[in-house]
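This report concerns only the one structure given below.
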Amino acid sequence: MTKHFFGDTAALLGRSLRHITRSLDTIITTTIMPIAFMLLFVYVFGGAINSGSDSYVNYLLPGILIITIASGISYTAFRLFTDMQGGIFERFQSMPIARSSVLWAHVLTSLIANVISLVVVVLVALLMGFRSAAGVPAWLAVAGILILFTLALTWIAVIPGLTAKSVDGASAFSYPLIFLPFLSSAFVPTDTMPGPLRAFAEHQPVTSIVNTIRDLYTQQPVSTDIWIALAWCVGILIVAYFFAMNTYRRKIS
């Protein structure tokens with residue numbers, strides 16, 4: 001059964017990846033907005049923002065990476081919605097394949113596409129002056145956190161992808177996720193915010209994730225934020241996976 005699942009997932013993953021290679025604009029589109037934000041904040045607002053860092057692009061990058069992921073997962077919901085409306089899921093259910101492999105193929109496609117987008121954003125940040133002396137272990141830790149966060153958000157994206165009534169509804173859920181980094185430590189230190197906003201910013205998941213990534217690549221001592229970040233990512237992943245699979249079972253039953 002396990003071998004059957006992995007083989008089916010690999011075959012369906014190949015199908016999804018071929019769709020992306022035929023429409024590279026999906027990856028390009030998901031990187032344009034984060035890069036535009038990065039250019040805007042570094043070259044327009046950067047001089048007026050006191051981040052306490054020698055390089056504002058170094059301070060800003062973790063938040064831009066989070067926005068990149070939030071932007072990218074909207075296409076997961078879109079692709080799922082398209083398959084649901086096109087009857088592809090019904091065709092797959094009539095074949096002798098592992099049922100969950102259909103969803104996992106979309107999730108892994110999202111992960112691969114988002115990793116590509118993240119690499120592009122980091123390369124642009126390097127051109128803008130981003131520098132880090134962090135070693136391989138630190139960057140592996142950064143990659144691990146970003147991958148875990150991508151998986152968590154992708155499983156959230158599965159739910160509207162299966163239940164939305166329109167294309168706009170399938171992708172609109174990502175807008176609050178894109179906005180969330182603006183209410184965190186991604187762009188300015190939280191201690192510059194007014195009381196209620198500061199309280200929210202310091203206790204939402206993006207702040208702990210951003211702070212952890214920033215500490216890792218700037219070679220600063222990693223605080224307890226790393227455990228809070230991991231707890232948020234794992235918690236969101238488990239809950240989102242549970243609800244997504246339940247929604248999927250109801251749809252195909």
Side-chain angles (χ1 to χ4, degrees), residues 26-43 45-46 49 51 53 55-76 110-157 174-190 201 204-220 222-223 225-226 228-230 232-234 236-237:
T26 58
I27 294 180
I28 294 172
T29 303
T30 58
T31 58
I32 285 177
M33 183 174 64
I35 290 172
F37 277 136
M38 188 160 57
L39 292 169
L40 177 67
F41 275 87
V42 171
Y43 294 124
F45 302 137
I49 297 176
S51 63
S53 174
S55 172
Y56 187 57
V57 68
N58 279 28
Y59 185 89
L60 182 72
L61 183 59
I64 297 298
L65 296 177
I66 297 299
I67 291 175
T68 303
I69 294 171
S71 176
I73 61 166
S74 64
Y75 283 94
T76 302
S110 171
L111 180 60
I112 293 170
N114 274 288
V115 167
I116 294 172
S117 296
L118 290 170
V119 170
V120 172
V121 170
V122 171
L123 290 176
V124 173
L126 287 170
L127 293 175
M128 295 173 62
F130 170 74
R131 296 294 182 269
S132 172
V136 173
W139 276 108
L140 288 176
V142 169
I145 291 172
L146 290 173
I147 288 172
L148 191 60
F149 188 63
T150 301
L151 286 173
L153 291 194
T154 299
W155 280 107
I156 292 178
S174 65
Y175 299 153
L177 298 177
I178 294 172
F179 183 68
L180 201 57
F182 292 95
L183 304 178
S184 72
S185 63
F187 296 94
V188 296
T190 56
Q204 59 119 322
V206 171
T207 291
S208 58
I209 295 170
V210 163
N211 289 345
T212 299
I213 293 173
R214 190 179 289 137
D215 288 342
L216 285 168
Y217 71 60
T218 57
Q219 297 180 297
Q220 298 297 316
V222 179
S223 66
D225 277 330
I226 189 171
I228 298 173
L230 290 174
W232 272 113
C233 289
V234 172
I236 294 171
L237 176 58

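All of these numbers come straight from a predicted model, not from anything done at the bench.
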| said: Under the criterion side chain to side chain contact (heavy atoms under 4.5 Å, CB included), I'd like the reasoning laid out for Val57 against Ile64: C-alpha separation, chi angles, the key distance, then a yes or no. | reply: CA-CA 10 Å; Val57 68; Ile64 297 298; over 6 Å; no
Looking at [X] and [Y], what are the two nearest heavy atoms and their distance?
X      : Y      : result
Ile69  : Phe149 : CD1-CD2, 3.9 Å
Trp155 : Leu237 : CD1-CD1, 3.4 Å
Ser110 : Thr154 : OG-OG1, 3.0 Å
Gly129 : Ser55  : O-OG, 4.3 Å
Thr212 : Ala229 : OG1-CB, 4.0 Å

For residues 179-186, which side-chain donor-acceptor pairs fall under 3.5 Å, sequence neighbours excluded?
unit_1	atom_1	unit_2	atom_2	d
Ser184	OG	Pro181	O	2.6
Ser184	OG	Ala186	N	3.1
Ser185	OG	Asn211	OD1	2.8

Gap between atom [atom2] of [Y] and atom [atom1] of [X] - 0.5 Å precision:
X      : Y      : atom1 : atom2 : answer
Asn114 : Thr31  : CG    : OG1   : 11.0 Å
Trp232 : Ile209 : CH2   : CD1   : 9.0 Å
Ser117 : Ile67  : OG    : CD1   : 13.5 Å
Ile35  : Leu40  : CD1   : CG    : 13.5 Å
Ile116 : Thr68  : CD1   : OG1   : 13.5 Å
Met38  : Leu65  : CE    : CG    : 8.0 Å

Examine distances only and state if a side-chain atom of [X] and a backbone atom of [Y] form a donor-acceptor pair shorter than 3.5 Å.
X      : Y      : value
Ser74  : Ala70  : no
Asn58  : Ser132 : no
Ser208 : Pro205 : yes
Gln220 : Arg214 : no

| task | Could you check whether the rings of Trp139 and Tyr217 sit parallel, tilted or perpendicular, using 30° and 60° as the cut-offs? | result |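 Judged by the thresholds at 30° and 60°, the geometry between Trp139 and Tyr217 is parallel.
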| message | Set out, in order, the CA-CA distance, both residues' side-chain angles and the distance that settles side chain to side chain contact (heavy atoms under 4.5 Å, CB included) for Ile145 and Leu216, then state yes or no. | response | CA-CA 11 Å; Ile145 291 172; Leu216 285 168; 4.1 Å; yes
| Does a side-chain heavy-atom distance below 4.5 Å link Leu126 with Arg131? |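 With C-beta onward as the side chain, the pair touches.
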| request: Indicate yes or no: at least one non-hydrogen side-chain atom of Tyr43 is less than 4.5 angstrom from one of Tyr56. | output: no
| field | Option among Ile178, Leu177, Leu111, Ile156 that satisfies the side-chain contact (heavy atoms from CB on, under 4.5 Å) test with Ile73 | value | Leu177
